[in-house]
There are 2 protein chains.
Amino acid sequence: MLKEKYNQYSFILDRTARRVKQFAQTAFAQNNFDLTVDQWTAMRIIHENSAMTNKELAELCGKDQPTFTRIIDLLIKKGLAERAVHPSDRRCLTLRITENGVTKINQIAPKVAEFRMQAWQNLSEEDFKDFVRILDTIYTNLTIKDE
Amino acid sequence: MLKEKYNQYSFILDRTARRVKQFAQTAFAQNNFDLTVDQWTAMRIIHENSAMTNKELAELCGKDQPTFTRIIDLLIKKGLAERAVHPSDRRCLTLRITENGVTKINQIAPKVAEFRMQAWQNLSEEDFKDFVRILDTIYTNLTIKDE
DNA sequence: TGACAATTATTAGTATAACAAATATAAGCA
DNA sequence: TGCTTATATTTGTTATACTAATAATTGTCA
C-alpha cells in the first residue's frame with residue numbers, strides 16, 4: 001500500500017493538467033480564437049524557432065510526427081502557417097507562420113497570458129521554482145535514456 | 001513579457017502530464033492489460049466508492065457525464081463493471097466492479113504501482129508535499145466558485 | 001392533484017489528438 | 001550503383017472532450 005501514493009500523484013497531475021487545458025480551451029472558445037490549445041502552442045513554438053525543421057519542432061511541442069503533421073494541416077487550412085523546403089536537406093521542411101498568423105499571435109497573446117494567470121494565484125515565487133524543478137525531474141525520469 | 005512565464009508553466013504542466021500518461025499507457029500495452037489509463041482510473045475509483053452514483057463518480061474521475069458514460073460502456077463491454085439501479089432514486093445509477101474486474105484490479109495494481117514509481121525518482125518527501133499542494137492550489141484556482 | 005421545472009443518465013454527432021503501419025522522397029555511404 | 005537510414009506524410013483506428021438533444025424520473029408549487 002506504500003506505493004499507492006504514486007498512483008495518486010499521477011492522478012492529481014493528470015487531473016490538474018486537464019483542468020488547466022480545459023480552462024484555457026473554454027476561454028479560447030468564448031473569445032472566438034478559433035484555435036485549440038495545442039494549435040496555439042504549436043504556433044508559438046514555430047514562431048519562436050523559425051529556423052528549425054518539422055521534426056525538431058514536433059519534439060519541442062512534445063508531439064509525435066503524425067500528430068504534429070495534422071496540427072500543422074489545421075493551421076495551414078486556417079491560413080496561419082505554411083510549409084517550405086529546407087535549404088540544404090530536401091527531406092526536411094521548414095515551417096513559417098504567415099503574416100495573418102503573426103497578426104493573430106500578437107492579437108491574442110496578451111489575452112492568453114491573462115487567462116493563464118488565473119491558474120497561478122495564491123502561489124509564491126518559491127512555489128513556481130519548485131513547480132518547474134519537480135515537473136522537469138518527472139519529465140526527465142521518463143525520458144528514454146539513449147538519446 | 002512578464003506574463004509570458006505563465007504560458008510556460010502551463011506548457012510544462014501539460015507536457016509532463018502527457019508524458020506520465022504515455023509512459024503508463026505504453027506499460028499497460030506491453031503487459032497486455034487491455035485498459036487505457038483513464039479506464040484504469042475509473043475502475044479504481046468505482047471500486048473504492050461503491051455506494052456512489054454515476055454522477056458523483058464521474059466528478060471524482062474528473063470527467064463529464066457523456067465521457068464517463070462512454071468509459072463505463074467500454075468497461076462493461078470488457079466485463080469489468082456493471083450498472084445497477086439506485087435504491088431510492090430511479091434516475092440515478094450505481095456502478096459496481098464485477099468479480100472479473102476485482103480479480104483484474106488485484107492482479108495489475110501492484111504492477112501499475114511499480115511503473116508509476118519510475119516517474120517519482122530523485123524527489124524528496126518534501127517535494128511530494130509541495131507537488132500535491134501546488135497542484136491542488138492550481139486546481140482549486142480554476143474551480144467554479146458557486147458550487 | 002396536475003402542470004411545469006429540475007435532475008440524472010444516455011445517445012448521437014463532431015473534433016481533436018494519440019498511436020501504429022505503410023508509403024514516398026531524399027540523403028548517406030559502402 | 002545499391003542498400004540503409006532519415007524525414008515527412010498518409011491512412012486507419014481508437015479514445016476522449018464537448019455540445020445538443022432526448023428519455024426517464026423526481027421535486028415543486030399553485
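Just so we're on the same page: letters track the sequence lines, and every chain starts at 1.
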Comparing A:V37 with A:P66, nearest DNA chain C nucleotide closer to 5' gives the residue A:V37
Considering just the side-chain nitrogens and oxygens of A:R91, establish if one lies under 4.0 Å of OP1 or OP2 belonging to C:dA24. no
Take the protein atom NZ of B:K21 and the nucleotide atom C1' of C:dC19, then report the distance between them rounded to whole Å. 14 Å
Look at A:R70 together with A:D64 and state whether they make a salt bridge at an N to O cut-off of under 4.0 Å. no
Atom pair distance, as rounded to whole Å: CZ in B:F28 and P in C:dA18: 18 Å
OP1 or OP2 of C:dA17 versus the side-chain N and O atoms of A:T36: is any pair under 4.0 Å? yes
Test item: side-chain donor near acceptor, B:N106 and B:T103, under 3.5 Å: no
Would you mind reading off the distance between B:Q65 atom CD and C:dA6 atom P, rounded to a whole angstrom? 18 Å
If I take atom CH2 in residue B:W40 and atom P in nucleotide D:dT16, what distance separates them, rounded to the nearest angstrom? 15 Å
Rounded to whole Å, NZ of B:K55 lies from C1' of D:dT25 at a distance of 14 Å
Is the distance from OP1 or OP2 of C:dA18 to the nearest side-chain N or O of A:K63 less than 4.0 Å? yes
Any Lys/Arg nitrogen of A:R83 or A:D73 sitting under 4.0 Å from an Asp/Glu carboxylate oxygen of the other? yes
Please tell me which of the listed nucleotides, D:dT9, D:dT26, C:dT25, lies nearest to the side chain of A:T69? D:dT9
Closest listed nucleotide, where the reference is the side chain of A:L74 and the choices are C:dT10, C:dA17, D:dA8: C:dA17
Side-chain atoms of B:T67 come closest, of D:dA24, D:dT9, D:dA17, to D:dA17
Rounded distance (Å) that lies between atom P of D:dA23 and atom CZ of B:R90: 18 Å
Rounded to whole angstroms, how far apart are CG on A:L93 and P on C:dT25? 14 Å
Residue mapping more 5' on DNA chain D - nearest nucleotide basis, A:R18 or A:N54: A:N54
Do the numbers put A:R116 on top of the ring of B:Y9, so that NZ or CZ is under 6.0 Å from the six-membered ring centre and no more than 45° off the axis? no
Nearest-nucleotide 5' precedence on DNA chain D, A:Q22 against A:C92: A:C92
Side-chain contact check for B:R70: nearest option of C:dC19, C:dA9, D:dT16 is D:dT16
From CD of B:E59 over to C1' of C:dA9, roughly how many Å is that when rounded to an integer? 15 Å
B:D64 side chain, from C-beta outward: closest of C:dA26, D:dA15, D:dT19: D:dT19
Is there side-chain contact between A:E82 and A:T98, with heavy atoms separated by less than 4.5 Å? yes
